[in-house]
Structure formats: C-alpha cells, structure tokens
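First up is the structure itself, then whatever we jot down about it.
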Amino acid sequence: QVQLVESGGGLVQAGGSLRLACAASGSIFDISRMAWYRQPPGKQRELVATIQRSGSAQTNADSVKGRFIISRDNAKNTVYLQMNSLKPEDTAVYYCNAMTMKAPYDYWGQGTQVTVSS
C-alpha cells in the first residue's frame with residue numbers, strides 16, 4: 001500500500017509561484033514512477049510532469065514547459081512541482097500519482113486546489 005498526500009495549493013495572483021509537494025508513505029520501495037496531473041474545472045485530467053525512479057524528470061504538458069519543474073527529495077519521500085509564472089488557465093485540482101510494479105499498479109492523492117487570479 002502507498003499513501004500520497006498533496007500540499008502547497010492555494011490562491012495566487014497571475015505571475016506568481018507555488019510549490020506543490022507530494023509526500024509518499026507505505027511501500028515506497030514499490031514505486032517506479034511518480035507524476036503530477038491536473039484537472040481544470042469541466043475539463044479532462046491531463047498529465048503535467050513525470051519523474052522516474054532513476055531520477056529522470058520530464059515536463060509533459062506543452063502549456064507548462066519552461067514554467068513548471070518536477071523534482072524530488074528522496075530523504076523526505078517527497079516529489080515537488082515548482083510552478084512559476086502562473087496563469088489563470090493553470091487553475092485546476094492538481095493530483096499526485098504513483099506507479100508501482102505490483103497491484104494495483106497506481107495510486108492517487110486526494111488532490112490540492114490551485115487557483116490563479118487575473
């Protein structure tokens with residue numbers, strides 16, 4: 001079992017920055033990849049960024065490339081999403097995801113709300 005808890009969301013003005021954190025606990029040795037997704041109101045959930053167990057990191061969504069960076073702190077079992085130059089269209093619920101090599105193969109956090117005002 002893996003538990004994921006997101007934090008760091010909130011209300012920020014356009015152009016500002018936030019850093020989201022996802023703390024993993026439980027069978028963290030089973031995790032092969034972690035990722036951030038987001039779901040704007042009324043829209044489909046989309047993949048934002050991924051980081052492999054090897055440490056290889058990638059920002060996947062074209063709309064956030066150059067502004068968002070995924071990273072991790074292994075000592076704290078925590079993955080971060082640094083979000084800079086925020087825009088109103090970044091407003092969404094942001095979810096942490098972990099993939100594992102054994103069932104159920106992926107886990108989700110509860111989500112954290114990010115609201116960017118114009």
Side-chain angles (χ1 to χ4, degrees):
Q1 289 290 321
V2 174
Q3 295 81 43
L4 304 173
V5 179
E6 301 101 331
S7 62
L11 176 64
V12 64
Q13 292 184 340
S17 298
L18 284 174
R19 188 178 72 164
L20 306 183
C22 174
S25 61
S27 301
I28 58 174
F29 50 86
D30 290 332
I31 298 173
S32 60
R33 189 203 79 167
M34 297 190 69
W36 285 99
Y37 289 75
R38 69 182 183 181
Q39 187 166 23
K43 296 184 178 181
Q44 189 174 0
R45 187 174 299 186
E46 68 171 341
L47 178 64
V48 176
T50 59
I51 186 163
Q52 306 292 329
R53 189 170 186 88
S54 66
S56 178
Q58 181 178 3
T59 304
N60 302 85
D62 289 340
S63 61
V64 305
K65 288 183 177 179
R67 298 189 296 121
F68 290 11
I69 301 172
I70 189 170
S71 63
R72 73 184 185 191
D73 185 339
N74 288 342
K76 297 180 179 179
N77 296 323
T78 299
V79 171
Y80 301 95
L81 184 67
Q82 179 66 48
M83 305 185 296
N84 300 318
S85 301
L86 284 162
K87 304 175 181 179
E89 51 263 42
D90 295 319
T91 295
V93 178
Y94 285 72
Y95 295 93
C96 183
N97 168 267
M99 293 180 60
T100 57
M101 296 298 295
K102 60 191 298 185
Y105 303 110
D106 73 323
Y107 296 84
W108 293 92
Q110 81 287 350
T112 185
Q113 176 71 49
V114 172
T115 303
V116 184
S117 62
S118 60

Among N60, N84, L86, whose side chain to side chain contact (heavy atoms under 4.5 Å, CB included) with F68 holds? L86
Working to the nearest 0.5 Å, report the span between [atom1] of [X] and [atom2] of [Y].
| X | Y | atom1 | atom2 | value |
| --- | --- | --- | --- | --- |
| Q52 | R72 | CD | CZ | 9.5 Å |
| S32 | K102 | OG | NZ | 13.0 Å |
| K65 | Q58 | NZ | CD | 6.5 Å |
| L81 | C22 | CG | SG | 10.5 Å |
| I51 | R33 | CD1 | CZ | 11.5 Å |

Taking ring-ring contact (aromatic ring centres under 6.0 Å, His included) as the test, write out the residues that go with Y37, two or more places apart. W108
Could you tell me which non-hydrogen atom of T91 sits nearest to which non-hydrogen atom of P41, and how far apart they are? O-CD, 3.8 Å
Looking at A61 and L47, what are the two nearest heavy atoms and their distance? CB-O, 3.6 Å
Tracing side-chain links under 4.5 Å among I, L, V, M, F, W and Y, which residues wind up in one group with I69? none
If you link I, L, V, M, F, W and Y whenever their side-chain heavy atoms are under 4.5 Å apart, who else ends up in the same group as M101? none
Closer than 3.5 angstrom, by distance alone: can the side chain of T112 be matched with the main-chain N or O of G9 as a donor-acceptor pair? yes
